[in-house]
Amino acid sequence: MRKKIVAGNWKMNKTVSEAKHLAEAIKNDLAECREVDVVLCPPFIALKTVSEMIEGTHIDLGAQNMHWEKSGAYTGEISAEMLRALYCHYVILGHSERRAYFHETDEVVNKKTKAALAAHLRPIVCVGETLEQREHNETEHVVETQIRNSLAHIGPEQLVDTIIAYEPVWAIGTRHTATPDQAQKVHAFIRKILTQMADEHIAQTIRIQYGGSMKPSNAKDLLGQPDIDGGLIGGASLDPISFVEIVQAS
Ligand code: PGA
């Protein structure tokens, strides 16, 4: 049985003091949560504060991005080692917003994924098709290319520490959630690709989250699908009640 993992992607929201309040509200309900892996991914500036807030709880910390080099002349960037020093255990990589607005390619995502794993950070690697690609029946091709290229040259023992987030771009922040059936089909397809890339056992071990307008009203149906192992939650993770309800539905 794969343990469900629910991560809140706060994106570019919350000042440090707002982040502190949000983390506190979530902690009140989920500090002792053992059944589900709960991860909070605040903006970089709030990582330290949230890290202190959740210390001693079962809630984990994640970042939303990182650079692949350990250190150096990369103005504005943050490395895996820096994140680890703040007790980050996860990092979201290749989110569609980073791919679209910051031109991140699969090759870049691959470098970051390898650097994260080398630093013992668990990458949450995001993949997903646009509406146009879905309408042209390109979903499987797009997702397969993203998975194979983003996870290239990663050995099986590291692959199991990787989390994949299937996030159809047309469902992110749009209120158009994929139906449980639509999502399940792509998740099962991703698992098939992982079997080809590694083996059946590893493919069955890797957790695949769904992301894209997941909220309390649709979480149970999505998370009830056999290949959906959790959620990457954007908008609904900014409201502690909604986020906690999604975790409880897992
Ligand atoms: P959303 O975002 O829940 O607001 O659709 C999900 C994500 O982008 O990770």
Query raised in the report: Side chains of Asn110 and Ser150: is there a donor and an acceptor less than 3.5 Å apart?
Result: no
Query raised in the report: Looking at Ile202, Thr162, Ile147, which hits side-chain contact (heavy atoms from CB on, under 4.5 Å) with Leu194?
Result: Ile147
Query raised in the report: Without hydrogens or angle criteria, can the side chains of Glu104 and His95 be said to hold a donor-acceptor pair below 3.5 Å?
Result: no
Query raised in the report: Between Pro42 and Leu61, what is the shortest heavy-atom contact and its length?
Result: CD-CD1, 3.9 Å
Report summary line: CG of Leu232 to CD of Gln209, rounded to nearest 0.5 Å, is 5.0 Å
Query - Side chains of Asp106 and Gln146, donor plus acceptor under 3.5 Å - result: no
Report summary line: Partner of Arg98 under side-chain contact (heavy atoms from CB on, under 4.5 Å), picked from Leu93, Asn65, Val108, is Asn65
Report task. Return yes if a side-chain donor-acceptor contact under 3.5 Å exists between Gln204 and Arg2, otherwise no. Result -> yes
Report task. Report yes or no: does Arg84 contribute a side-chain atom to a donor-acceptor pair with the main-chain N or O of Ala116 at less than 3.5 Å? Result -> no
Query raised in the report: Would you say the side-chain atoms of Glu245 and Ser242 include a donor-acceptor pair closer than 3.5 Å?
Result: no
Query raised in the report: Counting only N and O atoms by type, is there a donor-acceptor contact under 3.5 Å from the side chain of His136 to the main-chain atoms of Glu138?
Result: no
Report task. Flag yes if Ile54 and Ile26 sit in one hydrophobic cluster, no otherwise; membership is Ile, Leu, Val, Met, Phe, Trp, Tyr, and two members link when side-chain heavy atoms are under 4.5 Å apart. Result -> yes
Query raised in the report: Do we see a donor-acceptor contact under 3.5 Å between the side chains of Glu129 and Trp170?
Result: yes
Query raised in the report: Any side-chain heavy atom of Phe243 within less than 4.5 Å of one from Leu30?
Result: yes
Query raised in the report: Parallel, tilted or perpendicular: which describes the rings of His187 and Tyr210, with under 30° parallel and over 60° perpendicular?
Result: tilted
Query raised in the report: Between the side chain of Thr130 and the main-chain N/O of Val169, is any donor-acceptor distance below 3.5 Å?
Result: no
